[in-house]
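Every chain is numbered from 1, with letters handed out A, B, ... down the list of sequences.
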Protein chains: 2
Amino acid sequence: MDRMTAPAHALVGTHADTLAKARAAIAERGYWSAFPESPSPRVYGESAAADGKKAFDAYLGSAFPLEQPGTKGEVSSEVSPFGVDLGVTYPHGDVDALVLAARAAMPEWRDAGPDVRTAVCIEILTRLHEHIFELANAVHVTTGQAFVMAFQAGGAHALDRALEAIAYAHAEMTRHPATADWEKPAGKGDPLRMSKTFHVVPRGVALVIGCNTFPTWNSYPGLFASLATGNAVIVKPHPGAVLPLAITVKYAREVLEDAGFDPNLVLLAPEAPDEKIATTLATHPEVKIIDFTGSTAYGEWLEQNARQASVYTEKAGVNTIVVDSTDDFRGMCSNIAFSLTLYSGQMCTTPQNILVPRDGIETESGHLGFDDVAAGIAGAVGKLTGDDARAVELTGAIVNDAVVSRIDAARSHGTVLLDSREIAHPTYPGAVVRTPLLLTQDAANEGMFDSEWFGPITFIVATDSTAQSVDIFRRIVGRKGALTAAVYSTDPGVLDAMEAATIDVGVHLSANLTGGVFVNQSAAFSDFHASGANAAANASLTDGAYVANLFRVVQSRRHN
Amino acid sequence: MDRMTAPAHALVGTHADTLAKARAAIAERGYWSAFPESPSPRVYGESAAADGKKAFDAYLGSAFPLEQPGTKGEVSSEVSPFGVDLGVTYPHGDVDALVLAARAAMPEWRDAGPDVRTAVCIEILTRLHEHIFELANAVHVTTGQAFVMAFQAGGAHALDRALEAIAYAHAEMTRHPATADWEKPAGKGDPLRMSKTFHVVPRGVALVIGCNTFPTWNSYPGLFASLATGNAVIVKPHPGAVLPLAITVKYAREVLEDAGFDPNLVLLAPEAPDEKIATTLATHPEVKIIDFTGSTAYGEWLEQNARQASVYTEKAGVNTIVVDSTDDFRGMCSNIAFSLTLYSGQMCTTPQNILVPRDGIETESGHLGFDDVAAGIAGAVGKLTGDDARAVELTGAIVNDAVVSRIDAARSHGTVLLDSREIAHPTYPGAVVRTPLLLTQDAANEGMFDSEWFGPITFIVATDSTAQSVDIFRRIVGRKGALTAAVYSTDPGVLDAMEAATIDVGVHLSANLTGGVFVNQSAAFSDFHASGANAAANASLTDGAYVANLFRVVQSRRHN
């Protein structure tokens with residue numbers, strides 16, 4: 001029934017070393033990675049890239065190879081930001097049939113116990129890693145991420161995050177022994193003796209609702225933590241980014257079947273136009289866990305209405321940088337510029353508001369005025385985006401028309417410092433590419449920048465002082481939340497004040513980033529992404545607080 | 001700001017050994033206890049009982065000594081089930097003033113870090129333990145529990161459970177280091193180096209809503225886990241059992257002040273008649289954690305309406321025993337009888353339905369018919385309650401009139417096997433004492449016994465077979481939930497089938513209890529009370545899943 005009585009499974013030994021290393025990494029929170037982030041042939045072999053591209057191409061214009069219960073017709077919804085004609089059709093499922101199949105697959109999976117489930121999950125990651133170029137192409141083409149970013153964020157880093165969540169799940173499921181002997185002294189008589197057994201039982205069917213921009217990176221922690229803890233998982237991809245999760249589900253099902261389990265533990269539920277399948281699934285009585293990344297409106301709807309489930313949401317926020325002073329002005333500007341430009345600012349972690357004193361800041365080369373600081377950041381962005389062919393490898397493409405419209409709308413919300421520019425993509429003629437729009441604003445007009453402007457839109461805001469900058473940060477982020485915050489200062493007092501502010505409003509802080517680490521990136525096994533302590537997200541998926549509630553412990557006891 | 005920088009506090013050393021032992025106990029789940037459960041003078045000293053009684057008596061007919069912010073008048077609401085005239089008045093607080101004071105106390109407490117908070121919490125337990133007889137008298141007189149039970153469940157066991165929750169909280173807060181160094185290889189260049197700091201931040205103000213029957217035992221895990229993780233706690237006692245929690249709050253505030261912290265980290269919020277202060281507090285925007293024990297109706301109301309908070313509820317359930325066979329019929333009957341009689345069945349863990357095959361069961365002395373089994377259990381209850389003076393030391397008193405009415409109403413829901421009897425309490429003339437009511441029923445009339453009948457009301461149900469008994473157990477408990485389940489069988493197949501059923505419906509199981517362990521009792525540090533996996537409770541307060549969500553981790557990082 002559990003670790004004690006479950007038959008040994010060959011995969012447990014296969015992945016014991018990886019699990020041990022991942023378990024050590026989550027306890028130490030230093031640097032560690034299981035999946036190399038460089039797509040170089042020196043790492044992955046000469047043919048890996050071409051093989052992966054070929055496998056990816058084979059999906060195009062075809063019915064995706066996935067045999068699931070309850071399939072009724074097919075759907076095709078993806079529009080590539082690069083203008084690539086995808087034409088992949090996916091099996092469309094009946095919700096009740098999917099949920100029934102998921103539910104039926106669970107008891108045997110539950111009874112296999114934590115060690116076996118963990119090993120099978122790591123085997124799925126291993127299988128996905130063997131197909132990382134295939135996966136990276138799918139992420140690239142559906143999200144608009146440049147290929148290298150898609151390989152890293154959508155491939156290697158997503159797998160690292162999955163392993164991180166699995167490691168937490170294993171730690172949590174095994175924090176108690178599977179059995180314990182209890183012996184209570186009873187005065188002069190024989191002690192009372194009991195033998196106790198602790199079973200890890202899953203919550204029910206888990207629903208993972210993917211997003212368009214990071215279909216794998218945002219979905220993998222929830223998917224794999226729920227699966228490792230014994231739940232079956234239904235993956236509902238964003239209509240614009242189905243393929244990366246379809247590939248994920250395909251290999252997960254293959255591994256589950258190879259390992260002797262019901263493949264219906266992982267199911268894909270792509271939606272037909274206007275079907276609202278997410279809502280139907282999210283309110284199904286058997287769905288007990290929901291993991292959602294997307295809009296604040298739908299996240300709040302889920303929180304209010306999916307009452308039978310534990311609902312975990314990552315929503316909008318207002319990421320903010322407070323600039324007070326620096327001893328490396330050029331490093332600061334180029335570091336910020338990289339974060340603004342990467343994937344056209346379409347990361348949930350991209351800074352939006354940069355708060356700078358209107359009287360300027362002190363730097364290694366003396367005082368610089370507000371306009372100098374703004375010009376420094378704008379110049380660095382301009383440099384990164386000056387050459388079209390190089391620019392698109394950073395910016396990628398714009399994920400959908402709403403972002404293009406938002407750029408246009410934003411121009412009237414400040415003084416244009418650096419205008420957004422349309423770029424022709426040298427490889428993809430149909431790609432929609434835009435460089436970042438930088439605006440200046442005054443702190444007095446807080447209503448112009450106090451909400452999320454998702455996309456390559458940045459406000460450089462003139463404040464009365466750094467103290468006011470910190471106040472504005474506290475106020476806006478206290479209300480709207482954020483996934484990232486940064487500060488630049490040579491003054492320990494300012495660094496402390498900003499750290500205190502981030503603790504109060506519950507946002508992770510990066511201080512004085514001027515080199516190869518960027519505020520919009522978090523390193524699996526060391527950095528936490530989202531804190532669960534502000535309005536932008538109610539959970540940090542790769543931690544104990546999340547995984548501990550994906551299962552329960554049910555105990556039995558008898559005298560021995 | 002945290003463990004790294006927080007000043008050392010003398011109490012950390014004082015309680016290091018207790019914490020280490022409690023941490024070991026929660027990891028091993030064997031037998032351990034920090035607070036002796038015997039009220040014997042050999043354990044507590046010759047004068048302890050008299051001193052405690054004297055301290056308790058001093059509260060009677062007086063204003064309870066508690067100085068809190070926002071006090072507006074006083075309230076007095078307790079009616080003792082023993083007919084003792086309490087007449088204690090409590091300061092009545094303005095909700096906003098209480099919440100404001102609680103909120104204001106938090107930053108310094110948060111910044112003291114996990115080790116200091118944990119040590120101060122253990123110091124509070126130590127202080128309460130010094131006053132355990134005072135506390136036990138308060139529990140005894142307000143709940144109707146016999147004195148020894150009040151001393152154990154309301155005193156020693158409640159303190160053990162508090163320590164268990166504190167140990168989990170400490171384990172969870174310190175599962176990550178307070179700081180970590182991150183060094184990422186960067187090809188031929190210098191590695192990227194960062195120093196990371198992880199702050200434990202509380203969720204907000206915690207609200208603990210106590211119950212009438214177990215004011216301390218049910219409240220302590222939530223109270224102390226929330227406090228240890230940095231939250232301020234407002235304790236809203238049941239109007240019928242204020243004194244035990246008032247005493248708790250009084251000593252907690254004393255210790256906090258002695259340790260250099262704001263006593264408003266723990267506040268008492270007794271309610272005026274019909275004030276509905278629990279509802280006002282539960283929906284206050286600053287209240288982020290709610291821990292409630294009580295009715296299903298109000299628990300569900302909280303879950304639906306206190307949307308700004310994490311809501312933990314323990315509600316009604318239908319505790320069930322499946323009797324299949326036994327090799328110790330007398331032991332079985334006396335063990336069950338004790339559970340039915342203790343505190344007049346007014347425990348959330350008391351069995352209600354005993355499912356027995358209508359064709360009878362096999363025992364060590366051959367086959368016994370259904371009527372023989374029923375008579376055996378009724379006879380054992382009769383024996384325990386035959387002598388009034390001894391009976392009341394088990395039954396205690398009936399907590400309120402609703403239970404008396406329920407006994408009367410239940411008589412028409414089956415055939416009376418053993419009628420409930422009124423007993424005159426030899427010590428308390430005003431006490432309302434009732435012995436258990438045992439009814440027989442037929443499985444065909446499931447509607448008669450498929451809901452909770454809180455109080456000394458038991459249905460012995462004739463089923464077609466043990467297989468049907470297990471089916472009924474699955475059906476009723478699957479729908480209504482339960483806190484306990486038990487099985488008696490000499491057949492390993494039946495034990496396995498029942499264990500499988502309890503895993504499926506998420507209820508803890510006790511098998512073949514015939515000696516000094518009872519299904520309605522759980523041992524802190526070894527047994528889990530409630531699983532969080534069925535309708536009777538959505539959390540098991542002393543575990544990782546609960547404590548992990550009482551705080552968040554907020555990180556900062558900078559190059560070093």
May I ask you to test the B:T502-A:H199 pair for a side-chain heavy-atom distance under 4.5 Å?
no
Region of B:K196 in contact with chain A, defined by heavy-atom distances below 4.5 Å
side chain
Okay, B:Q555 and chain A: the region with an atom under 4.5 Å from a heavy atom over there is both
If you count heavy-atom pairs under 4.5 Å between each of A:M498, A:M106, A:E303 and chain B, which one has the most?
A:E303
Verify the ring-centre separation between B:Y168 and A:H176: is it less than 6.0 angstrom?
yes
So which atom in A:A545 and which in B:A548 form the shortest heavy-atom distance, rounded to 0.1 Å?
CB-O, 3.3 Å
By a 4.5 Å heavy-atom criterion (distance strictly below it), what part of B:L513 contacts chain A: side chain, backbone, both, or neither?
both
Contact winner vs chain B - A:D527, A:V553, A:V517, heavy-atom pairs under 4.5 Å
A:D527
Go through the atoms of A:M194 and report whether side chain, backbone, both or neither lie under 4.5 Å from a heavy atom of chain B.
side chain
Carefully, step by step, assess B:R307 and A:R307 under the rule side chain to side chain contact (heavy atoms under 4.5 Å, CB included).
CA-CA 11 Å; B:R307 308 309 316 283; A:R307 308 308 316 283; 3.6 Å; yes
Give the minimum heavy-atom separation between B:G515 and A:H559, together with the two atoms involved.
N-NE2, 4.4 Å
So which heavy atom on B:R552 is nearest to which on A:N538, and how close?
NH2-O, 3.2 Å
Within the 3.5 Å criterion, strictly below it, is a donor on A:S510 or B:R557 matched to an acceptor on the partner's side chain?
yes
Grab the two heavy atoms, one from A:V507 and one from B:V554, that are nearest each other, plus how far apart they are.
O-CG1, 3.2 Å
For B:R558 versus A:L495, what's the shortest heavy-atom pair and its separation?
NH1-CD1, 3.8 Å
Specify which of A:G532, A:A539, A:A180 makes the most heavy-atom pairs with chain B at under 4.5 Å.
A:G532
How long is the span from the OG1 atom in A:T197 to the CG atom in B:L509, to the nearest 0.5 Å?
9.5 Å
Which bit of B:V201 is near chain A, if near means a heavy-atom gap under 4.5 Å: side chain, backbone, both or neither?
side chain
To the nearest 0.5 Å, how far apart are NZ in B:K184 and CD in A:E37?
3.5 Å
In residues 481-494 of chain A, which residues are in contact with chain B at a heavy-atom separation under 4.5 Å?
none
Contacts of B:D328 meeting side-chain hydrogen bond (donor to acceptor under 3.5 Å, both in side chains) (sequence neighbours excluded), chain-then-number -> none
Considering only heavy atoms, which portion of A:R29 lies under 4.5 Å from any heavy atom of chain B: side chain, backbone, both, or neither?
both
Region of B:S526 in contact with chain A, defined by heavy-atom distances below 4.5 Å
both
Engaged part of B:E300 at the chain A interface, taking heavy atoms whose separation is under 4.5 Å:
neither
Quick test of your reading: applying side-chain hydrogen bond (donor to acceptor under 3.5 Å, both in side chains), list the pairs with at least one residue in residues 511-520 of chain A, sequence neighbours left out, ordered by first then second residue.
A:S339-A:N520
To the nearest 0.5 Å, tell me how far B:W182 CH2 sits from A:E28 CD.
15.5 Å
Beyond-backbone contact of B:Y31 with A:P191, side-chain heavy atoms, under 4.5 angstrom:
no
Looking at B:E499 and A:S556, what are the two nearest heavy atoms and their distance?
OE2-OG, 2.7 Å
Which of A:D543, A:V547, A:N534, A:D504 touches chain B most, by non-hydrogen pairs under 4.5 Å
A:D504
B:F473: ring-ring contact (aromatic ring centres under 6.0 Å, His included) partners, not counting sequence neighbours:
none
